[in-house]
Amino acid sequence: MPSTCPECGSSSVVEDDLYSQRQWVCEDCGSVVEEGLLTTLVSDETQGRDVPYHASTEEIKKPCRNLIAGFIRVRAMCRILRLSNNMESEVVSLFERAYNLPNFLHVTITKKEVLGGCCILCVCRQRNWPVSMGTVSYLLGADSSVIGTVYQDLIKSLNIKATTTGITDLMESFCYDFKLGPQHVEEVLSETPQRLLDRMSALIELASDTWIVTGRQPLPLLMGSVYVAWQSLNPSARMKYSFTKFCKIGKAPEQLWHRSRDTALKRVSELLEVLCKLGRELPWLRGVPVEPKTVTTLVEDILKHRRALLSRAVQKYQQQLQNQLSETQTTECDDDPSESNRCDPPSSENSDQAECENPADEQATDCQLPPSHWSKRHLFLPPCVKSRKRQRVDVPQLEVTGDEDISDSEIESYIRSPGEIQLYLKAQKELKQE
């Protein structure tokens, strides 16, 4: 370690970790005095610079290359995520324990690489550190489903009680990932992270009250809410920018938002739909149409009176349903008053079965709910209630025995026309001559 700074001569030189590369920086002038290696050495991994790693006798005699490579990769990811030394020590210790388990000993290299990311995710959740599975998936370049499977095997094998991270715990770190300061973008497009976080928090609370958060992955919802929040803070100048353009302006990692762009756009449309439903209840609009393209101008007023607008929208929707039901029953009874059955509401079970009798195709398709379903009586519903999956029905296999009756139409399909008979006889005669 250098003792003095060659630029200013100061002796206050400290060690600073830049991602996975060590540097010695002068505290007085900020100059980089000396840089270390980009990754740690094998000796650092076996002995441990900051991590109290105790290698066994067999590992010292015959070091495992894959295990050492795993340590290097895990340490690099910990420094990219800016984890503390204690958390990095816990991750390396957990990776060492999990590496020698039977579930992860004889597996592919890809699964062992994912195991390191799962150890980081487990420790971060125990420490309530805002790191999501999507972030780990982005760092490893692996699918989230594979990481989820390995993570479940990890906590079951080691009997770890890992806590889940809520979407509110990820909002602050997510907002600061976007580079929207005045030094990065134009003044019209710039926004402070704290102001963006406040508006985004209010939108997430509204989404939670209207069931949008239920059963959803956090990253697409965070991306959709931060986009709507950014637009609503200056709608006149930002309404023309699409979601893709916003991600490029904020310099978000392309691999992260590009992979979940379609899902994020669905969350944006759901948020705008809820905002439109509440915006129509603002009393000073007086019947002015509220559309998703212009509702961002009303976001501030909607969030300010969110509770009252939610209650008013639900009451108005229920009143409209009662009026429609009474009008329908009155009309049916007036048409034929002798038949009392027509005035009774249809059974929901029978209508549900009639709507979803057809078997599903090979691909999963949604089954639309009938008008008499109980969910039609509520304005805001969980995603699993709005549309349900068709139940797969096994198609019965045909058993052919040879004793089946043949219909006349099928027999006629096998009878040749006179022209076909002549052609057949002519071809047969030519073949005999040859």
Side-chain angles (χ1 to χ4, degrees), residues 108 110 142-146 149 215-217 220 242-244 258-270 273 291-293 321 324-325 327-377 381-434:
T108 60
T110 303
D143 192 12
S144 299
S145 60
V146 178
T149 304
R216 298 292 178 72
Q217 294 182 359
S242 63
F243 174 77
T244 305
H258 187 75
R259 182 183 301 177
S260 58
R261 179 180 57 182
D262 296 338
T263 309
L265 289 175
K266 291 181 181 179
R267 302 297 169 263
V268 171
S269 62
E270 291 174 355
E273 182 182 357
E291 299 178 353
K293 295 182 179 180
L321 288 179
Q324 293 177 0
L325 182 61
E327 291 177 359
T328 304
Q329 291 180 357
T330 304
T331 305
E332 292 179 354
C333 292
D334 291 342
D335 292 341
D336 193 357
S338 61
E339 297 184 6
S340 59
N341 292 334
R342 290 191 178 183
C343 299
D344 298 333
S347 175
S348 61
E349 295 180 358
N350 296 334
S351 59
D352 292 355
Q353 294 176 359
E355 188 71 18
C356 298
E357 281 182 353
N358 296 330
D361 299 332
E362 294 182 358
Q363 298 180 353
T365 56
D366 292 338
C367 179
Q368 297 298 328
L369 299 174
S372 59
H373 194 265
W374 64 269
S375 63
K376 301 298 181 180
R377 299 192 296 269
L381 291 167
C384 61
V385 181
K386 291 182 180 180
S387 59
R388 59 187 179 184
K389 299 294 183 182
R390 288 184 179 180
Q391 297 180 356
R392 184 177 295 275
V393 179
D394 295 334
V395 180
Q397 297 181 356
L398 298 177
E399 296 181 0
V400 181
T401 60
D403 298 332
E404 292 80 12
D405 296 334
I406 302 176
S407 61
D408 295 338
S409 60
E410 187 176 358
I411 293 175
E412 291 177 357
S413 65
Y414 289 105
I415 298 177
R416 302 179 188 275
S417 62
E420 291 177 342
I421 295 175
Q422 295 296 330
L423 291 175
Y424 175 74
L425 294 175
K426 183 178 179 180
Q428 192 175 14
K429 186 182 295 184
E430 292 179 355
L431 289 174
K432 288 180 179 181
Q433 291 177 0
E434 293 178 356

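As the structure is a computational prediction, the values presented were derived from the model and not from experiment. In what follows, residues are counted from 1 in the order of the sequence shown.
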Which of Gln433, Lys432, Lys426 passes side-chain contact (heavy atoms from CB on, under 4.5 Å) with Lys429? Answer is Gln433
- request: Determine, stepwise, if the pair Arg216 / Lys266 fulfils side chain to side chain contact (heavy atoms under 4.5 Å, CB included).
  value: CA-CA 11 Å; Arg216 298 292 178 72; Lys266 291 181 181 179; over 6 Å; no
One should read off an interatomic distance between Thr110 OG1 and Asp143 CG, to the nearest 0.5 angstrom, of 12.0 Å
